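Inspection log for the structure reproduced underneath, given as structure tokens.
As the structure lists them, so they are numbered: ligands from 1, and atoms in each ligand from 1. Here the structure is a predicted model, which is why all the values come from computation and not from measurement.
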Amino acid sequence: MLCIKNGIVVDGVSPKPYKADILVDGDKIVEIDYGLSTSADTVIDATGKYVLPGLVDAHCHLREPGFEYKEDIGSGTRSAVAGGFTSIACMPNTKPVVDNGALVRFIKMRAREEEAAKVYPIAAVTKGLNGEELTEMWELKEAGAVALSDDGRPIMNSRIMRLALQYAKGLHMLIISHCEDLELAGDGVMNEGYMSTVLGFKGISRAAEEVMVARDIILAETLDAPIHIAHVSTRGSVELIRQAKRRGVKVTCETAPHYFSATDEWVDGYDANTKVNPPLRTGDDVEAIKEGLRDGTIDIIATDHAPHHRDEKEVEYSLAASGISGFETAFSLAYTHLVEAGVISLPQLVEKMSKRPAEILNIEGGKLEVGKTADIIVVDLARVFTVDVSQFYSKGKNSPFHGHTLKGKVVHTIVDGRVIMENERITV
Ligand code: DOR
């Protein structure tokens with residue numbers, strides 16, 4: 001038995017935090033009450049700390065199979081646990097692409113072997129991410145895929161997207177859309193605007209994202225099918241989704257921590273760790289993202305953890321790979337820039353990083369209640385620290401937040417009742 005004592009609990013259900021002990025037997029929560037007297041063999045003293053449901057990430061890249069030099073399921077799931085994520089959904093843009101049942105099963109098997117975070121594969125919408133030929137969605141669902149996405153690439157062909165939404169609806173599967181018009185994005189490398197002009201880079205307009213958000217909303221609306229928009233980064237996208245939700249369209253969406261914590265001004269200095277797709281936008285977009293998080297237009301925060309090798313980042317900006325290693329800074333960025341900054345409350349953060357992502361993916365997690373699986377984190381919200389990528393468990397050290405001071409840190413992570421991170425050290 002495991003007992004987490006004296007913490008302040010945000011359980012994902014009650015509107016307010018409360019002081020309580022949590023007793024875990026095997027992989028289940030068996031009691032939540034104040035002043036539990038117990039003979040548990042393991043006791044975690046959470047005095048002065050907060051106890052939250054394990055975080056759930058609806059969007060990450062684990063790179064296995066095929067790109068193990070960037071990340072593998074072992075390093076990726078340890079990195080996730082270090083960031084407080086107990087369940088993560090990984091994108092299929094691996095080599096080979098996860099477009100068949102055997103690969104879905106392979107990823108699940110590899111994750112079980114590693115015994116860190118629980119992994120839920122997202123499978124491809126089109127074979128080889130070619131944007132043209134639909135995958136066998138039923139086979140993918142049977143194998144355990146929780147959603148479908150061609151993330152990393154858009155589905156440019158609107159007829160294929162329409163068909164995909166239609167089939168997926170019939171199978172009760174969610175399509176997660178990477179919204180990017182490749183023709184409009186062209187060979188841009190950063191947000192199009194004042195900064196791209198100053199730095200002399202080709203820009204990626206907001207329209208490249210927004211026309212596809214608009215298209216996908218229209219398609220989902222006409223079919224009355226659900227759709228989830230990945231990595232929302234612009235004011236215009238937030239407004240399109242806000243209006244669609246008002247009309248009753250079954251659209252949900254996510255943003256990532258870098259879209260409310262950094263702007264295109266960070267590209268000044270040419271640090272390729274600021275290169276990400278969609279690109280970092282302006283201060284005005286950051287404000288709109290925060291407003292979208294506050295009013296519920298943006299349902300969830302996903303990491304879009306996209307680890308890359310050093311060699312792919314230490315090249316000139318235009319040649320560098322896009323992506324940010326995000327697991328190990330996500331909670332602290334959200335706490336610092338959203339909760340400390342007064343944008344949302346801690347219970348709302350739990351909703352956006354745990355409860356809602358679990359609901360959207362239809363997986364367990366997001367709540368601390370008797371009888372539920374013991375996926376729990378303990379966070380120290382008073383802790384101020386400097387991000388140091390050399391301490392990351394991820395192989396991907398590509399973070400533009402290296403050297404930045406943040407507040408709030410995950411200190412213990414419990415997955416299925418097992419303490420996988422204790423005092424910021426991974427135990428498996
Ligand atoms: O920056 C990104 N990196 N955006 C994506 O959509 C894909 C991701 C990756 O796989 O590296």
Could you pull out all donor-acceptor pairs under 3.5 Å where a side-chain atom in residues 156-165 meets a protein atom, sequence neighbours excluded?
| unit_1 | atom_1 | unit_2 | atom_2 | d |
| --- | --- | --- | --- | --- |
| Asn157 | OD1 | Arg159 | N | 2.9 |
| Asn157 | OD1 | Ile160 | N | 3.2 |
| Ser158 | OG | Arg215 | NH1 | 3.4 |

Classify the ring geometry between Phe67 and Tyr69 as parallel (under 30°), tilted (30 to 60°) or perpendicular (over 60°).
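Ring orientation, 0 to 90° scale: perpendicular.
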With a distance cut-off below 6.0 Å to the six-membered ring centre and an angular limit of 45° from the axis, does Lys409 pair with Phe385 as a cation-pi contact?
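Ring-cation test returns yes.
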Inter- and intrachain pairs under side-chain hydrogen bond (donor to acceptor under 3.5 Å, both in side chains), touching residues 81-107, at least two apart:
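Residue pairs with at least one partner in residues 81-107: His61-Asn93.
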Would you check if the distance from the ring center of Tyr270 to the ring center of Phe201 is below 6.0 Å?
yes
Taking only residues two or more places apart in sequence, or in another chain, which ones meet Asp388 in a side chain to side chain donor-acceptor pair (under 3.5 Å)?
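Here the qualifying residues are Ser390.
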Can you list every protein residue that has a heavy atom under 4.0 Å from any atom of ligand 1, sorted by chain and residue number?
His61, Arg63, Asn93, Asp151, Gly152, His178, His231, Val276, Asn277, Ala306, His308, Ser322, Gly323
